[in-house]
2 protein chains.
Amino acid sequence: MITYDFEKRGKQTLYEFLYQNIKQDILQNRLKADEKLPSKRTLARHLNISVITVENAYAQLLVEGYIYSIEKKGYYVSAIENMLYAPAALTPQSQRKKSSVKPSCFADFHSNSINFDNFPFSLWSKLMRESLAQKDKQLLQSVPFNGLEQLRAALADYLYHFRGMIVDPDQIIIGAGTEYLYGILIQLLGRNKIFSVEDPGYKKIASIYKSHDVLCKYISLDSNGLSTDELAKNNVDVVHISPSHHFPTGIVMPIKRRQELLSWANESGSRYIIEDDYDSEFRFTGRPIQTIQSIDTGEKVIYMNTFSKSLAPSIRISYMILPVHLMEKYRNTLSFYSCTVSSFEQNTLADFIAKGYFEQHINRMRNFYRMQRNLVIKAIHSCSLDKKVMIMEENAGLHFLLKIHTDISDEAFMEAAAKKGIRVSFLSHYFQKSENAKRHILVINYSGIETEKIEESIKRLAEIIS
Amino acid sequence: MITYDFEKRGKQTLYEFLYQNIKQDILQNRLKADEKLPSKRTLARHLNISVITVENAYAQLLVEGYIYSIEKKGYYVSAIENMLYAPAALTPQSQRKKSSVKPSCFADFHSNSINFDNFPFSLWSKLMRESLAQKDKQLLQSVPFNGLEQLRAALADYLYHFRGMIVDPDQIIIGAGTEYLYGILIQLLGRNKIFSVEDPGYKKIASIYKSHDVLCKYISLDSNGLSTDELAKNNVDVVHISPSHHFPTGIVMPIKRRQELLSWANESGSRYIIEDDYDSEFRFTGRPIQTIQSIDTGEKVIYMNTFSKSLAPSIRISYMILPVHLMEKYRNTLSFYSCTVSSFEQNTLADFIAKGYFEQHINRMRNFYRMQRNLVIKAIHSCSLDKKVMIMEENAGLHFLLKIHTDISDEAFMEAAAKKGIRVSFLSHYFQKSENAKRHILVINYSGIETEKIEESIKRLAEIIS
């Protein structure tokens, strides 16, 4: 009869030890298929353990299919393959590859990371604590598919007062990041559509369309932004643009081009404009640029924005505003998706906006970024770079362009900068069609640079072309 | 010369009022294309405002493209279309449709909502507060694409100790809900694959595959779960299953069938098994069922689980465990996606698991659900239903099956129940191939029913067939 040394069971319970041992015996073919197991009572007596222990072990083996029972006869070993079971090979630990550590650098003008020294951390956590204290169980309820009502209401109100946009909270969909929302939009608009992105542009957007395997074309820009002629020529259905502040060129699309785009969209039922307004809050002079969404009377514009840029990248809350008929379609076809943002954070953000803290924060950040920009420009003017460069598109966003009068290739410049501990990127890197790529134009992302390093970083860049 | 009544400007600043008025004049064609605007100085004197006010208004009109400037000559009106601009039509308020309010009912055995009276709310918010206090700025940093390291480590540790799974934290990907992760998996495995789901099964899973426009087949179950013969017959590449506790049948897939499935997967490089383990924590007798992932030596199993069921639906944290080679592929092709869960919640959950609270919570919930189940069963036995029904698959999860000996059709029963304020669903509703659908079997989801309503609810159901 099967016998196991219960002294060896360590911290396992009697029942677990018995279950494991019988399982091993079955897997290693020491107990053969259709072999009858001893009755519970017999085995218990034999092993000097209680019947209930054997009963529990048999029950577990039964539910997992290692043994089967025949009424009034007893328990039998199931016929199972044992080839696949090789516990020794299970651990992937040895194959483990550690993600490579990025080489640290003195200053990084490439990444458009944001500064969060100014994030009102204590205020945010106060609101989160209040929300936890006041809302209590409410926070555990399922959130509506399109997001928490308070947050959508606070957003609509904010957009009305600070962007002049008239939006019904029911047109808003909250999601965990714009990247997630792009995927949802593909499902909403249909995979048979031809999508298009700006060239040059933010590369990740095209990567996402491609990863979803939809046709995505690159449309060139002229000085007023995306060319509508090219849209027609390429049979584009859906165009993804950042008209308020294009990355990386900084172009603000003028009203005439916006109207041309709307006319283009209105020519066919399948055409839409995705207005990606990701850093529109950071305009240094004048009012924020009016959105295309505000002048769209044909239900053609899908507006998108995110709080990852304006608050912190670790706060994954974005939203889109759908035209009324698309919202109806969403409700009918995609509202089975649960909202991807936790109610705790939606509550906190709703309060943060409704109580005016968001607007205050944006103003503070705008001032901070303006100061950063001014320091970078001042550093440029006070060193040998001054006469060899031209600063462009510096009135908005978190970057500007710096045209360098030099013969050094963009690649050689980057390499030389890297040797000096400075990461930079060139406008040319953001072009898909390299024949169009404009050379010798640096994209200076200043938002994440430590203030005290600005002067030294610019000096190091100057050395390269002096 | 253009003249505006500054008395009417209300709360607008002088500059904004001037900007708005000139813009309206341009859009409504009162100022014609290429018409020269008065010089800043002249207009300022004329309107009795400062030059800087006019300058700001002109600058804003310029950047938005309403006017253009010619050096040393002045400002001119741009040629723009005005057809599209019709602010009166902007508001969709009138078209607003309010989401219909669900009729309230006495008890809902249909929805598999969970009970969160037992959620350790104060503990959760304490951890969140601690995390806010201790981690501070750290919480604002971008999270790695696959999730916070502490959370992945805590999960791997938990899975090792409570599920016997050997998992490298680097194989884990955190995401905002399994629904989101399904979409990611489609991108990872390829849209050309043939996916399959269980029939009967949880309908949302098939909806998600269909919404992504990938081929998704329904595979019938026998008493041991999904049939491997049918997989081969249908040329399936990827099979999505819940082997530990199938919804709604409650079938636990026996070890033999699991091995058959693994053999099937190992026959071709393109085949994978998605093991969706969504409610495996709630087994009332014996140990948790061993996962297929644990016996997979061919890197064929993608394991998935969620905290929406075990904690609260408003906490959107799920994860998947990828085989090593798929994780490499993910790193190379999809790691540009940002992690969709905020760092605040990942931190809190990591602490919650690492400090043992999750295990405590699961034990408490398991006891609570066991009590709920027992009360429902007791109520059945104590009323006239007792002799007309058979209870099946009651040892796990948050539901069981109730076979009713009756001639009343499932539809008629549902309607009769609804009239009594009770929402129910039948097993037959979860079948795609209706010829296979088993009739007269209620799916009793007891997890969300208020304890004090159980007896009365069952009594009302009994009345239908008495």
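A, B, ... follow the sequence lines: proteins, then strands. Residue 1 opens every chain. Given the structure is predicted, the values throughout are model-derived calculations rather than measurements.
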Revision key, fill the gap. Heavy atoms of B:Glu64 and A:Ile289 approach each other most closely as OE2-CA, 3.4 Å
Review point. Minimum heavy-atom separation for A:Thr340 to B:Arg316, with atom names?
Key: O-CB, 3.6 Å
Check your understanding: Which pair of non-hydrogen atoms, one from B:Pro254 and one from A:Gly65, has the smallest distance, and what is that distance?
Key -> CB-CA, 3.6 Å
Review point. Among A:Gln346, A:Gln187, A:Arg129, which residue forms the greatest number of heavy-atom pairs with chain B at distances under 4.5 Å?
Key: A:Gln187
Review point. Looking at side-chain heavy atoms only, is the closest gap between A:Lys256 and B:Ser78 below 4.5 Å?
Key: no
Check your understanding: What's the shortest heavy-atom distance between A:Tyr66 and B:Gln290, and which atoms?
Key -> OH-OE1, 3.3 Å
Check your understanding: So which of A:Val63, A:Val143, A:Asp213 has the biggest tally of heavy-atom pairs under 4.5 Å with chain B?
Key -> A:Val63
Study note, to complete from the structure: With chain A, the option among B:Tyr68, B:Tyr180, B:Tyr15 that has the most non-hydrogen atom pairs under 4.5 Å is B:Tyr15
Check your understanding: Cut-off 3.5 Å, side chains only: do A:Gln141 and B:Ser314 have a donor facing an acceptor?
Key -> no
Check your understanding: Does a side-chain heavy-atom distance below 4.5 Å link A:His212 with B:His212?
Key -> yes
Practice item. Output the option from A:Ala312, A:Ala59, A:Ser343, A:Ser338 having the highest count of non-hydrogen pairs under 4.5 Å with chain B. Key: A:Ser338
**Study point:** Rounded distance (nearest 0.5 Å) linking atom CG of B:Leu139 with atom CH2 of A:Trp124
**Key:** 12.0 Å
Point to revise | Which atom of B:Ser211 lies closest to which atom of A:Leu334, heavy atoms considered | key: OG-CD2, 3.2 Å
Review point. More than 12 heavy atoms of other residues, nucleotides or ligands under 6.0 Å from OH of A:Tyr160: is that the case?
Key: no
Practice item. Hey, could you give me the CG/CD1 distance between B:Leu140 and A:Ile315, rounded to the nearest 0.5 Å? Key: 6.5 Å
Check your understanding: Of the backbone (N, CA, C, O) and the side chain (C-beta and beyond), which part of B:Met128 lies under 4.5 Å from a heavy atom of chain A, both, or neither?
Key -> side chain
Practice item. Give the ring-plane orientation class for A:Phe344 versus B:Phe121, where under 30° counts as parallel, over 60° as perpendicular and anything between as tilted. Key: parallel
**Study point:** Minimum-distance pair of heavy atoms, taken over all atoms of A:Glu179 and B:Tyr337
**Key:** OE1-CA, 3.3 Å
Review point. Tell me, do A:Leu27 and B:Gln259 make a side-chain contact under 4.5 Å, heavy atoms counted?
Key: yes
Review point. Can you find a pair of side-chain heavy atoms, one from A:Leu132 and one from B:Lys126, that are under 4.5 Å apart?
Key: no
Check your understanding: Picking from B:Val252, B:Ile208, B:Asn224, B:Leu311, which has the most non-hydrogen pairs under 4.5 angstrom with chain A?
Key -> B:Ile208
Point to revise | Heavy-atom contact with chain A under 4.5 Å, split by part of B:Arg283 | key: side chain
